[in-house]
Amino acid sequence: MKALHKLDHSFYQRDVLEVAPDLIGKYLVRKHSNGRLFRNRITEVEAYRGEEDQACHASKGRTSRTEIMYHKGGVIYVYLIYGMYWMLNFVTGMENIPQAILIRSLENIPGPGRITRELEIDGSFYGISLISSGKIWLEGHHEKYGFITKTRIGVDYAGEVWKNKQWRFVMDPPPFGSPLSRERGGTGG
DNA sequence: GTTAAGATTCCG
DNA sequence: GGAATCTTAACG
């Protein structure tokens, strides 16, 4: 078994459309205050790219909420949706270029709201470092996973051009035994 | 200050 | 299909 290494700034400080597919199969590691360690592979993400992307929160420009997306890659962007669920995002790219990747599913946790609930991630994670916080980081090895692209979920308001971007990346083939693999072999409707 | 809507999830 | 639940952005 290959050794896992922690991903550093060089991984995150690339264009969001390069980083997003590279996230597939990487291990998300969460260290709790009691020392307990959670480690699970990322299976689905979505890219949000720049002020021109009408589905990206930064399309509203710099605000207190979007400010962190203008930071160079390697920090966390979280926000509350529907008053109930925290969405976990990784900021990517260079300084002053707003980008982020929504972590939509892990190997055993489908759903962005469920990920933050189970990993105990909330607003206090806004802006913390994926490299030096010690609370959350990524590990990987030099191996690429297969993936397919799809349109992003829940962004129909963004207009024809942006809502149709194939900027959702899903592990394919899915991990054996996962809900995804069962879905795949299903009846098809 | 008020208001509409949201990168969701769960139940029926 | 609809409720839960509250922050954000837009407007005044």
Side-chain angles (χ1 to χ4, degrees), chain A residues 12 14-26 28 30 38 40-71 73-93 96-128 130 136 138 147-172 174 178-180 182-183 186 189:
Chain A
Y12 303 100
R14 297 178 291 149
D15 188 89
V16 70
L17 294 180
E18 291 183 43
V19 181
D22 279 359
L23 280 176
I24 300 301
K26 294 292 189 294
L28 176 61
R30 166 84 172 102
F38 171 98
N40 214 330
R41 284 188 298 180
I42 295 170
T43 57
E44 182 173 358
V45 302
E46 281 178 3
Y48 290 85
R49 187 173 188 269
E51 292 182 347
E52 58 178 6
D53 177 2
Q54 292 302 301
C56 181
H57 290 161
S59 63
K60 309 285 186 187
R62 278 183 191 260
T63 67
S64 56
R65 180 209 222 182
T66 65
E67 183 61 34
I68 198 64
M69 295 178 78
Y70 291 79
H71 195 278
V75 296
I76 284 183
Y77 168 42
V78 285
Y79 65 92
L80 189 65
I81 191 69
Y82 300 119
M84 314 173 92
Y85 300 105
W86 291 100
M87 300 286 101
L88 173 64
N89 298 254
F90 300 158
V91 173
T92 65
N96 295 322
I97 309 229
Q99 305 183 333
I101 299 171
L102 171 67
I103 308 305
R104 194 166 262 297
S105 291
L106 302 182
E107 195 166 358
N108 293 310
I109 309 178
R114 293 180 56 185
I115 291 172
T116 54
R117 193 178 61 193
E118 297 196 24
L119 271 60
E120 297 175 23
I121 292 167
D122 61 19
S124 69
F125 281 64
Y126 184 94
I128 71 171
L130 282 159
I136 182 169
L138 290 179
F147 64 89
I148 56 176
T149 60
K150 294 176 175 292
T151 54
R152 295 174 292 182
I153 292 174
V155 296
D156 284 353
Y157 60 82
E160 288 300 315
V161 172
W162 302 102
K163 81 177 190 183
N164 289 322
K165 292 288 186 189
Q166 303 274 303
W167 287 354
R168 178 155 59 108
F169 302 86
V170 185
M171 182 185 282
D172 186 81
S178 76
L180 288 174
R182 266 176 265 132
E183 204 175 286

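A quick note: this is a predicted structure, and the numbers were derived from the prediction, not measured. Quick note: numbers below take in every heavy atom, side chains included, and nothing from hydrogens, waters or symmetry partners. Sequence lines set the chain letters: A, B, ... in the order given, protein chains first and strands last, and positions in each chain run from 1.
- Among all heavy-atom pairs drawn from A:Val16 and A:Thr92, the shortest one is CB-OG1, 3.2 Å.
- Listed by chain and number, the residues in a ring pair (Phe, Tyr, Trp, His ring centres under 6.0 Å) with A:Phe169 are A:Phe147 (sequence neighbours excluded).
- For the 3.5 Å distance criterion, the side chains of A:Tyr77 and A:His57 qualify, holding a donor opposite an acceptor.
- Considering all non-hydrogen atoms of both residues, A:Met87 and A:Ile81 come closest at CE-CG2, 3.8 Å.
- Checked against salt bridge (charged side-chain N to carboxylate O under 4.0 Å, His left out), A:Lys60 has no partners two or more places apart in sequence or in another chain.
- In terms of the ring pair (Phe, Tyr, Trp, His ring centres under 6.0 Å) criterion, A:Tyr70 has no residue partners (sequence neighbours excluded).
- Within 4.0 Å (heavy atoms only), A:Arg168 reaches no atom of the nucleic acid at all.
- Of all the heavy atoms in A:Leu23 and A:Ile42, the pair that sits closest is O-CB, 3.5 Å.
- Residues satisfying the side-chain contact (heavy atoms from CB on, under 4.5 Å) criterion with A:Ser124, sequence neighbours excluded, are A:Asp122.
- Contacts of A:Arg152 with the nucleic acid, taken as non-hydrogen atoms under 4.0 Å apart, are absent.
- Counting any heavy atom pair closer than 4.0 Å across all strands shown, A:Met84 reaches a base atom.
- At a non-hydrogen distance threshold of 4.0 Å, A:Leu102, A:Arg104 from residues 96-104 of chain A come into contact with DNA chain B.
- In the model, A:Arg62 has a side-chain atom that pairs as donor or acceptor with a side-chain atom of A:Asn96 under 3.5 Å.
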Please convert DNA chain C into dot-bracket. A pair counts if it is Watson-Crick or G-U wobble with both distances under 3.5 Å; crossing pairs go in [ ] and bases paired with another strand get |. ||||.||||||.
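- Pairing each heavy atom of A:Tyr126 with each of A:Arg65, the nearest pair is OH-O, 2.8 Å.
- Chain A approaches DNA chain C over the interval C:dA4 to C:dA10, counting the first and last nucleotide 5' to 3' with an atom under 4.0 Å from its heavy atoms.
- A heavy-atom distance below 4.0 Å to DNA chain B is reached by these residues of residues 52-62 of chain A, ordered by number: A:Ala55, A:His57.
- A distance-only check finds a donor-acceptor pair linking the side chain of A:Arg168 to the backbone of A:Thr151 [under 3.5 Å].
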N/O donor-acceptor pairs under 3.5 Å from side chains in residues 112-121 of chain A, not counting sequence neighbours:
{"from": "A:Thr116", "atom 1": "OG1", "to": "A:Trp86", "atom 2": "O", "distance (Å)": "2.7"}
{"from": "A:Thr116", "atom 1": "OG1", "to": "A:Gly113", "atom 2": "O", "distance (Å)": "3.2"}

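- With hydrogens and angles disregarded, a donor-acceptor distance shorter than 3.5 Å links the side chain of A:Lys26 to the backbone of A:Asp22.
- Looking at residues two or more places apart in sequence or on another chain, you find a side-chain contact (heavy atoms from CB on, under 4.5 Å) between A:Asp15 and A:Leu17, A:Glu18, A:Arg49, A:Gln99.
- With sequence neighbours excluded, the residues that form a side-chain contact (heavy atoms from CB on, under 4.5 Å) with A:Ser59 are A:Gln54.
- Taking 4.0 Å as the cutoff to heavy atoms of chain A, we find the contact window on DNA chain B bounded by B:dG6 to B:dC10.
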